[in-house]
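Quick note: numbers below take in every heavy atom, side chains included, and nothing from hydrogens, waters or symmetry partners.
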Amino acid sequence: FDSMSNEKVLLIFPPFKWKAIDRFCQPLGVLTLATILKNDGIDVNLVDLSAEGWSPRKMAEYIKDGAFTHVGITVITPFRKIPFQILKIAKRIDPKIVTLVGGPHVTYIKEKIFDECKEIDIAVAGEAELKITEIIRNSSHNNFNKFYNLGIIKDINKLPVPDRSFISHISYNDLDG
């Protein structure tokens, strides 16, 4: 029995603008999701674009080289254009990539997100942590659910400690000095 599945997931925390570097704080949301997927035997990569300062071309090369089956990204309302651009890039590279969005913007506008970006396959409102593995695995079949309206997690102690090895090459700002 092999617990590894054939999914290869890329999770992205977007920058507020391309090539900008902001290492203010670690992206705990996507970090926790990546940790859960990894613990469940799913091959997962995480890119904090707000800390990496990549160009769209570098992002495209990374997606192409990674041969990902899924690309998921956080969408924050004032900075939503870049996540949408990244999903367009992903679909141009491989139309079969399953694209997922979550974050405050999706939680706020719910299904209307599909009107804002046609490259979105799956949108998750609320907190995805308790369902993320199921969402990824179910989306490998053709008739997957497009929209999940999940609430908030009542007991955060049920969540794993975020695996910071995903971002260990980045030094974030110290808040104490």
Side-chain angles (χ1 to χ4, degrees), residues 3-16 22-52 68-80 82-84 86-87 90 97-117 119-141 143-168 170 172-176:
S3 70
M4 287 300 273
S5 45
N6 354 346
E7 292 91 9
K8 188 164 185 207
V9 178
L10 171 60
L11 296 179
I12 300 168
F13 187 80
F16 65 96
D22 169 18
R23 295 184 170 173
F24 177 65
C25 60
Q26 300 176 358
L28 291 178
V30 286
L31 205 51
T32 304
L33 293 174
T35 303
I36 291 167
L37 291 172
K38 180 180 172 182
N39 292 348
D40 287 341
I42 290 176
D43 184 353
V44 59
N45 293 51
L46 186 149
V47 175
D48 179 1
L49 279 181
S50 73
E52 297 285 6
F68 298 101
T69 58
H70 295 73
V71 173
I73 193 161
T74 306
V75 183
I76 298 163
T77 306
F79 312 126
R80 64 190 181 274
I82 288 180
F84 296 165
I86 291 170
L87 298 180
I97 289 176
V98 177
T99 55
L100 304 95
V101 291
H105 188 60
V106 186
T107 300
Y108 178 62
I109 71 164
K110 310 270 190 287
E111 290 101 329
K112 292 196 191 95
I113 192 79
F114 295 109
D115 300 330
E116 293 193 353
C117 176
E119 286 78 14
I120 296 169
D121 292 318
I122 297 173
V124 181
E127 298 186 332
E129 282 80 356
L130 301 179
K131 284 258 191 200
I132 187 65
T133 301
E134 185 186 320
I135 292 169
I136 295 292
R137 291 214 162 116
N138 289 347
S139 67
S140 302
H141 315 295
N143 55 349
F144 54 81
N145 195 352
K146 302 259 309 165
F147 182 72
Y148 293 83
N149 195 2
L150 309 175
I152 57 167
I153 293 166
K154 308 261 188 301
D155 180 6
I156 62 165
N157 295 318
K158 287 195 163 72
L159 299 178
V161 173
D163 178 348
R164 289 182 166 79
S165 69
F166 287 108
I167 53 168
S168 58
I170 298 169
Y172 288 88
N173 295 350
D174 290 323
L175 295 179
D176 59 359

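Leu33 has its side chain out of reach of Val44: every pair of non-hydrogen atoms, C-beta onward, lies at least 4.5 Å apart. Contact of the Leu46 side chain with the Phe13 side chain is not registered, since no non-hydrogen atoms from C-beta on lie closer than 4.5 Å. The shortest side-chain heavy-atom distance between His70 and Val98 falls under the 4.5 Å cut-off. Side-chain contact between Glu52 and Ile170: present, with at least one pair of heavy atoms (C-beta onward) separated by less than 4.5 Å. A 4.5 Å side-chain heavy-atom check between Pro160 and Asn39 finds at least one atom pair inside the cut-off. A heavy-atom distance below 4.5 Å is found between the side chains of Leu49 and Ile86. Under the 4.5 Å side-chain criterion, counting only non-hydrogen atoms from C-beta, Val47 is in contact with Leu10.
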Please tabulate, for the side chains in residues 129-136, all donor-acceptor contacts under 3.5 angstrom to protein atoms that are two or more places apart in sequence or on a different chain.
unit_1	atom_1	unit_2	atom_2	d
Thr133	OG1	Asp40	OD2	2.5

Quick one: do Lys8 and Asn45 satisfy side-chain contact (heavy atoms from CB on, under 4.5 Å)? Show the steps, please. CA-CA 8 Å; Lys8 188 164 185 207; Asn45 293 51; 4.2 Å; yes
Could you check Asp22 against Tyr172 for side-chain hydrogen bond (donor to acceptor under 3.5 Å, both in side chains), going step by step and ending with a plain yes or no? CA-CA 9 Å; Asp22 169 18; Tyr172 288 88; over 6 Å; no
Is there a side-chain contact (heavy atoms from CB on, under 4.5 Å) between Ile113 and Ile120 once you walk through the steps? CA-CA 8 Å; Ile113 192 79; Ile120 296 169; 3.5 Å; yes
Under the criterion side-chain contact (heavy atoms from CB on, under 4.5 Å), I'd like the reasoning laid out for Phe166 against Thr35: C-alpha separation, chi angles, the key distance, then a yes or no. CA-CA 9 Å; Phe166 287 108; Thr35 303; 4.3 Å; yes
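Distance check, rounded to the nearest 0.5 Å: CD of Glu119 to CG of Leu87 gives 7.0 Å. Annotation: the span from Ile73 atom CD1 to Phe84 atom CZ amounts to 9.5 Å, rounded to 0.5 Å. Between Leu11 atom CG and Leu100 atom CG the span is 8.5 Å, to the nearest 0.5 Å. Here the NZ atom belonging to Lys154 is positioned 5.5 Å from the CD1 atom belonging to Ile152, to the nearest 0.5 angstrom. The structure places CG of Asn6 at 9.5 Å from CZ of Arg137, a figure rounded to the nearest 0.5 Å. Atom OG1 of residue Thr74 and atom CZ of residue Phe79 lie 13.0 Å apart, to the nearest 0.5 angstrom.
Here the shortest heavy-atom pairing between Ile97 and Ala90 reads CD1-O, 3.6 Å. The heavy-atom pair separating Cys25 from Asp48 by the smallest distance is O-OD2, 4.5 Å. Closest approach of Val71 and Phe68 over heavy atoms only: CG2-CB, 4.4 Å.
Within a 6.0 Å sphere centred on OH of Tyr108, other residues, nucleotides and ligands contribute 12 heavy atoms or fewer.
Among residues two or more places apart in sequence or in another chain, the salt bridge (Lys or Arg N to Asp or Glu O under 4.0 Å) test is passed with Asp163 by Lys38.
Using modelled atom types, no side-chain atom of Lys146 and backbone atom of Ile122 make a donor-acceptor pair closer than 3.5 Å. Between the side chain of Glu127 and the main chain of Ile153, a donor-acceptor pair closer than 3.5 Å is present.
For the side-chain contact (heavy atoms from CB on, under 4.5 Å) criterion with Pro83, the lone passing option out of Val106, Val75, Val101, Thr99 is Val75.
Each salt bridge (charged side-chain N to carboxylate O under 4.0 Å, His left out) pair with one or both residues in residues 107-117, not counting sequence neighbours, appears once here: Arg80-Glu116.
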